[in-house]
Amino acid sequence: MPHNTMKDKIMVALDVNSQSEALAMRDTLSDSVGWLKVGLQLFVAEGPSLIADLSKTHKVFLDLKFHDIPNTVAQAIESAGALGVQMVNVHAGGGKPMLEAAAKAAKDFPGMLLIAVTVLTSDTMPKEQALAVALQRAKLAKDAGLDGVVCSVHEAAQIKETCGVNFITVTPGIRWGNQDTQDQQRIADPKMAVEHGSDYLVIGRPILQADSPKKAAEEAAAMMSQAKV
Ligand code: C5P
C-alpha cells in the first residue's frame with residue numbers, strides 16, 4: 001500500500017510539556033503524519049486552547065482515558081466533542097454502564113470516534129492473560145456501541161475477528177530496529193502492526209526522540225507500506 005496512505009494511519013503521541021514544544025514538533029513533522037495525539041502530560045499543562053491550534057493542520061486524538069462514573073464520563077465526552085477532536089477515549093475497565101453512557105454522549109458528535117482502552121501496552125500481565133482481558137473488554141466496548149479499542153498489536157487480529165473488521169484498533173507499543181522498549185511490554189514494529197490489522201499506530205518516543213523526527217515518521221510509513229495484507 002502506498003506511503004501517503006500509511007502516514008494517515010500514524011498518530012504521533014505529543015508527550016511534551018508545553019504548547020511551544022508541541023507546535024514545534026507539529027511543524028517539524030508537518031504532513032509526514034496524519035494525526036496528533038494529546039495525552040495527559042500535555043493536556044494537563046496546556047489545556048483546550050492547544051487543541052484548536054493543532055486541529056488547524058491535523059486530526060487530533062484526545063487520549064485522556066476517562067475512567068469515572070457514567071455521568072462524569074458522559075459529560076467529559078461532551079466537553080471533548082465541543083473541542084472538535086476526531087477521536088477520544090475511555091477506559092474499558094470502567095464497565096458497561098460507563099461505556100454505554102459515553103457512547104450515548106458521543107452520538108451528538110458524529111465526526112468524533114470513541115475508543116476504549118483495553119489493557120495498557122505497558123501492563124506486565126502475561127501475554128495470554130492480556131489477550132483474554134483485551135478480547136473481553138473489546139466485546140464489551142462493541143456491545144456498548146463504541147467505535148473501537150486501544151490494544152497491542154498482539155491482540156489486534158483477534159479483536160477484528162471477534163468484533164468485525166470495521167471495529168477500529170489503535171495500537172501503541174510500536175518499536176523498530178533496536179529501539180529501546182522503555183516502559184512498553186507488548187511491542188511490535190510498524191509492518192507487523194499493519195499486517196495484524198491495526199488501523200492506527202500510536203508512536204511517541206521513537207519519533208519524538210529521534211535525531212530527525214520527520215525521517216523517523218517517514219521510516220515508519222515506509223515499513224508500513226511493505227506490509228503484506
Ligand atoms: O513513547 P511511546 O511510543 O511508548 O508512546 C505511546 C503512547 O501511547 C503514550 O502517549 C501512551 O500514553 C499511549 N498509550 C499506551 N498504551 C495504551 C494507551 C495509550 O502506550 N494502552
Mark yes or no for whether [X], through its side chain, and [Y], through its backbone, hold a donor-acceptor pair below 3.5 Å.
{"X": "Asp199", "Y": "Val170", "answer": "no"}
{"X": "Glu46", "Y": "Gln19", "answer": "yes"}
{"X": "Arg186", "Y": "Glu155", "answer": "no"}
{"X": "His58", "Y": "Ser30", "answer": "yes"}
{"X": "Lys160", "Y": "Phe167", "answer": "yes"}
{"X": "Asn89", "Y": "Leu64", "answer": "yes"}
{"X": "Asp147", "Y": "Leu114", "answer": "yes"}
{"X": "Gln179", "Y": "Trp176", "answer": "yes"}
{"X": "Thr162", "Y": "Lys139", "answer": "no"}

According to a hydrophobic-cluster definition based on side-chain heavy atoms being under 4.5 Å apart (Ile, Leu, Val, Met, Phe, Trp, Tyr only), do [X] and [Y] belong together?
{"X": "Val85", "Y": "Val73", "result": "yes"}
{"X": "Leu135", "Y": "Val90", "result": "no"}
{"X": "Ile207", "Y": "Ile187", "result": "no"}
{"X": "Ile69", "Y": "Met98", "result": "no"}
{"X": "Ile115", "Y": "Leu99", "result": "no"}

Measure the [atom1]-[atom2] distance between [X] and [Y] for me, rounded to the nearest 0.5 Å.
{"X": "Cys163", "Y": "Ile168", "atom1": "SG", "atom2": "CD1", "answer": "12.0 Å"}
{"X": "Lys215", "Y": "Ser32", "atom1": "NZ", "atom2": "OG", "answer": "12.5 Å"}
{"X": "Leu201", "Y": "Thr171", "atom1": "CG", "atom2": "OG1", "answer": "4.0 Å"}
{"X": "Leu29", "Y": "Glu218", "atom1": "CG", "atom2": "CD", "answer": "9.0 Å"}
{"X": "Met224", "Y": "Thr5", "atom1": "CE", "atom2": "OG1", "answer": "9.5 Å"}
{"X": "Leu54", "Y": "Leu83", "atom1": "CG", "atom2": "CG", "answer": "11.5 Å"}

(request) Return yes when atom NZ of Lys65 has more than 12 non-hydrogen atoms of other residues, nucleotides or ligands closer than 6.0 Å, and no otherwise. (result) yes
(request) Look at atom CG of Asn166 and say whether more than 12 heavy atoms of other residues, nucleotides or ligands are closer to it than 6.0 Å. (result) no
Heavy-atom pair of closest approach, residues [X] and [Y]:
{"X": "Ala105", "Y": "Ala74", "result": "CB-O, 3.5 Å"}
{"X": "Ala103", "Y": "Leu146", "result": "CB-CD1, 4.1 Å"}
{"X": "Lys7", "Y": "Asp31", "result": "CD-O, 2.9 Å"}
{"X": "Ile77", "Y": "Ala102", "result": "CG2-O, 3.9 Å"}
{"X": "Thr118", "Y": "Ala134", "result": "CG2-O, 3.6 Å"}
{"X": "Lys228", "Y": "Lys191", "result": "NZ-NZ, 4.0 Å"}

With side chains defined as the heavy atoms from C-beta onward, is the minimum distance between [X] and [Y] less than 4.5 Å?
{"X": "Phe61", "Y": "Leu113", "result": "no"}
{"X": "Val12", "Y": "Leu208", "result": "yes"}
{"X": "Met125", "Y": "Gln185", "result": "no"}
{"X": "Trp35", "Y": "Lys9", "result": "no"}
{"X": "Val149", "Y": "Arg137", "result": "no"}
{"X": "Phe66", "Y": "Val88", "result": "yes"}
{"X": "Val150", "Y": "Asp63", "result": "no"}
{"X": "Leu23", "Y": "Leu50", "result": "yes"}

(request) Check each of Val202, Val33, Ile174 against Ile10 using the side-chain contact (heavy atoms from CB on, under 4.5 Å) test, and report the only one that passes. (result)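 For Ile10, the side-chain contact (heavy atoms from CB on, under 4.5 Å) test succeeds with only one of Val202, Val33, Ile174, which is Val33.
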(message) I'd like to know if Glu100 pairs up with Lys104 as an ion pair, taking the criterion as any Lys NZ or Arg NE/NH1/NH2 lying under 4.0 Å from an Asp or Glu carboxylate oxygen.
(response) no
(request) Would you please say whether a donor-acceptor pair under 3.5 Å links the side chains of Thr72 and Gln75? (result)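 Short answer, no.
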(message) Between Thr121 and Gln184, does the side chain to side chain donor-acceptor pair (under 3.5 Å) criterion hold? Intermediate values first, please.
(response) CA-CA 6 Å; Thr121 41; Gln184 296 287 13; 2.7 Å; yes
(request) On the 0 to 90° scale, with breaks at 30° and 60°, tag the His196-His154 ring pair as parallel, tilted or perpendicular. (result) perpendicular
(request) With side chain to side chain contact (heavy atoms under 4.5 Å, CB included) as the test, would you mind laying out the steps for Met223 and Met6 before giving the verdict? (result) CA-CA 9 Å; Met223 291 178 78; Met6 290 305 163; over 6 Å; no
